[in-house]
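These values consider heavy atoms only, across backbone and side chains, with no hydrogens, waters or symmetry-generated copies. On a predicted model such as this, the values are computed, not experimentally measured, just so you know.
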Amino acid sequence: MPMRFYQLQRPAPSTPRHWSGNISADHSWSLPGVECPTCHETWSGEFTLPSVDLSSLPERDLLAEPRVEPYSEYARIAAHVQPFLPSGLAPEPGMQFGPLRGTARGSFGPLSARYGWEVLVTQDALRHLQAVGIRGLVPVRAELQGLEAGVVLYELEVPLRGLLHREAVLTGPRCPTCGWCEVRISPEPSLDGDALPHDVDLFRPTNGTTYTFVNERFVEAIEPLGPFDVTFREADVRPESRSGSVH
């Protein structure tokens with residue numbers, strides 16, 4: 001049988017929660033947002049790389065406070081960060097690095113999600129996922145004050161793999177200077193069946209980096225550890241189609 005895939009989501013705000021945990025934290029460093037002189041957009045993305053350590057970067061103080069800069073200044077700062085990024089990955093405005101640092105309160109389940117793209121697990125859950133051979137795990141310990149005694153949380157840096165199906169993603173023309181483009185994504189996007197990852201059990205599509213998907217191996221491994229305040233929506237897997245565009 002074909003592998004089944006699921007979108008990992010936070011439940012609707014009206015859904016009763018199993019756990020009371022809340023986090024007030026930021027990643028250690030972030031690139032500034034950008035004001036572009038070409039397209040006149042002011043924007044910042046949400047891509048996170050908690051495993052990237054910029055503590056040896058002499059210009060790291062320029063990444064301490066989130067802010068917006070003119071494109072020329074953004075580009076200068078981004079050039080210092082580029083050598084620290086994984087091969088083939090370009091910096092983008094608002095990109096965040098390093099572990100989460102801040103405070104936590106309440107109790108946390110084995111698996112939780114802050115926004116749609118920050119996935120956290122407890123130390124016990126991480127050990128279980130590692131023991132059963134879940135692939136693609138890049139855990140980074142969150143540096144949080146206020147956790148209950150004995151609780152340790154890890155953020156999972158979810159690898160970039162695969163694609164949302166092109167009919168679920170409409171894109172406008174890309175700015176040649178800053179790279180901004182208008183993107184519209186279906187509320188329940190499907191996956192491109194010709195680009196499914198086979199080396200990892202959790203991933204973010206490269207054309208939808210704020211969406212997290214897992215396969216049935218991950219779901220079968222984590223479900224016995226529940227309950228937890230995330231849901232798994234089964235995603236359609238569709239054949240390749242023509243590229244969509246915003247007009």
Side-chain angles (χ1 to χ4, degrees), residues 22-105 112-121 136-147 152-161 171-183 185 203-212:
N22 280 292
I23 292 173
S24 177
D26 295 302
H27 290 90
S28 306
W29 305 281
S30 64
L31 282 170
V34 67
E35 295 176 338
C36 181
T38 303
C39 66
H40 305 293
E41 292 289 339
T42 299
W43 67 282
S44 178
E46 300 287 354
F47 195 78
T48 59
L49 289 167
S51 71
V52 172
D53 182 3
L54 299 182
S55 59
S56 64
L57 178 67
E59 297 82 5
R60 61 186 177 277
D61 289 347
L62 298 174
L63 303 160
E65 294 294 333
R67 65 193 187 282
V68 173
E69 294 282 4
Y71 178 77
S72 58
E73 176 64 7
Y74 160 77
R76 186 184 74 82
I77 298 171
H80 293 301
V81 172
Q82 177 68 79
F84 292 83
L85 301 187
S87 176
L89 185 63
E92 70 170 32
M95 187 176 277
Q96 300 168 49
F97 313 99
L100 282 170
R101 290 176 174 165
T103 60
R105 60 176 181 169
S112 56
R114 198 173 78 129
Y115 318 122
W117 55 89
E118 291 181 3
V119 180
L120 295 108
V121 294
L137 296 173
V138 182
V140 179
R141 182 169 177 164
E143 300 177 8
L144 301 171
Q145 302 295 319
L147 288 170
V152 178
L153 291 180
Y154 287 83
E155 183 181 359
L156 299 181
E157 183 174 292
V158 182
L160 281 176
R161 296 285 195 283
T171 59
R174 187 171 295 278
C175 174
T177 300
C178 72
W180 181 87
C181 65
E182 182 181 3
V183 179
I185 297 178
F203 61 96
R204 294 178 184 173
T206 56
N207 60 347
T209 57
T210 58
Y211 292 76
T212 299

Calculate, to the nearest 0.5 Å, the distance between atoms [atom1] and [atom2] belonging to [X] and [Y] respectively.
| X | Y | atom1 | atom2 | value |
| --- | --- | --- | --- | --- |
| D61 | L54 | CG | CG | 11.5 Å |
| T48 | F97 | OG1 | CZ | 10.0 Å |
| Y154 | L137 | OH | CG | 12.5 Å |
| I185 | T210 | CD1 | OG1 | 6.0 Å |

Discussion item. Assess the residue pair L63 and L57 against the criterion (side chain to side chain contact (heavy atoms under 4.5 Å, CB included)); give the C-alpha distance rounded to whole Å, side-chain angles, the decisive distance to 0.1 Å, and a yes or no.
Written reply: CA-CA 10 Å; L63 303 160; L57 178 67; 3.7 Å; yes

Discussion item. Does L100 form a side chain to side chain contact (heavy atoms under 4.5 Å, CB included) with L120? I'd like the steps, not just the answer.
Written reply: CA-CA 10 Å; L100 282 170; L120 295 108; 4.1 Å; yes

With sequence neighbours left out, write down each residue that passes salt bridge (Lys or Arg N to Asp or Glu O under 4.0 Å) with [X], or none if nothing qualifies.
| X | answer |
| --- | --- |
| E118 | R114 |
| R204 | none |
| E41 | none |
| R67 | E69 |

Would you be so kind as to tabulate the donor-acceptor pairs closer than 3.5 Å made by side chains of residues 23-36, with sequence neighbours excluded?
{"residue": "H27", "atom": "ND1", "partner": "Q96", "partner atom": "OE1", "Å": "3.1"}
{"residue": "H27", "atom": "NE2", "partner": "E155", "partner atom": "OE1", "Å": "2.9"}
{"residue": "H27", "atom": "NE2", "partner": "E155", "partner atom": "OE2", "Å": "3.3"}
{"residue": "S28", "atom": "OG", "partner": "P99", "partner atom": "O", "Å": "3.1"}
{"residue": "S28", "atom": "OG", "partner": "R101", "partner atom": "NE", "Å": "3.3"}
{"residue": "S28", "atom": "OG", "partner": "R101", "partner atom": "NH1", "Å": "3.4"}

Worksheet entry | Short side-chain to backbone donor-acceptor contact, R105 and N22, under 3.5 Å | no

Item to complete: Please examine the side chains of L156 and T212, heavy atoms only from C-beta on, and report whether any two atoms are closer than 4.5 Å.
Response: no

Worksheet item: In chain order, what residues pass the ring-ring contact (aromatic ring centres under 6.0 Å, His included) check against Y115, with sequence neighbours excluded?
Response: W117

Tell me which donor-acceptor pairs under 3.5 Å the side chains of residues 79-91 have, and how far apart each pair is, sequence neighbours excluded?
{"residue": "Q82", "atom": "NE2", "partner": "L89", "partner atom": "O", "Å": "3.1"}

Item to complete: For E157 and S51, test the side chains for any donor-to-acceptor distance below 3.5 angstrom and give the result as yes or no.
Response: yes

Practice prompt. Take atom CD of Q145 as the centre, draw a 6.0 Å sphere, and report whether it contains more than 12 heavy atoms from other residues, nucleotides or ligands.
Written response: no

Item to complete: Using the test side chain to side chain donor-acceptor pair (under 3.5 Å), find all partners of S56 that sit at least two apart in sequence or belong to another chain.
Response: none

Worksheet item: Which residues satisfy the side chain to side chain donor-acceptor pair (under 3.5 Å) test with T206, sequence neighbours excluded?
Response: none

Worksheet, complete the sentence: Tightest non-hydrogen contact, residues P93 and W43, listed as CD-CH2, 3.4 Å

For residues 71-78, dump all side-chain donor-acceptor pairs below 3.5 Å to protein atoms at least two apart in sequence or in another chain.
{"residue": "Y71", "atom": "OH", "partner": "T177", "partner atom": "O", "Å": "3.1"}
{"residue": "E73", "atom": "OE1", "partner": "R76", "partner atom": "NE", "Å": "3.1"}
{"residue": "E73", "atom": "OE2", "partner": "R76", "partner atom": "NH2", "Å": "2.9"}
{"residue": "Y74", "atom": "OH", "partner": "E92", "partner atom": "N", "Å": "3.4"}

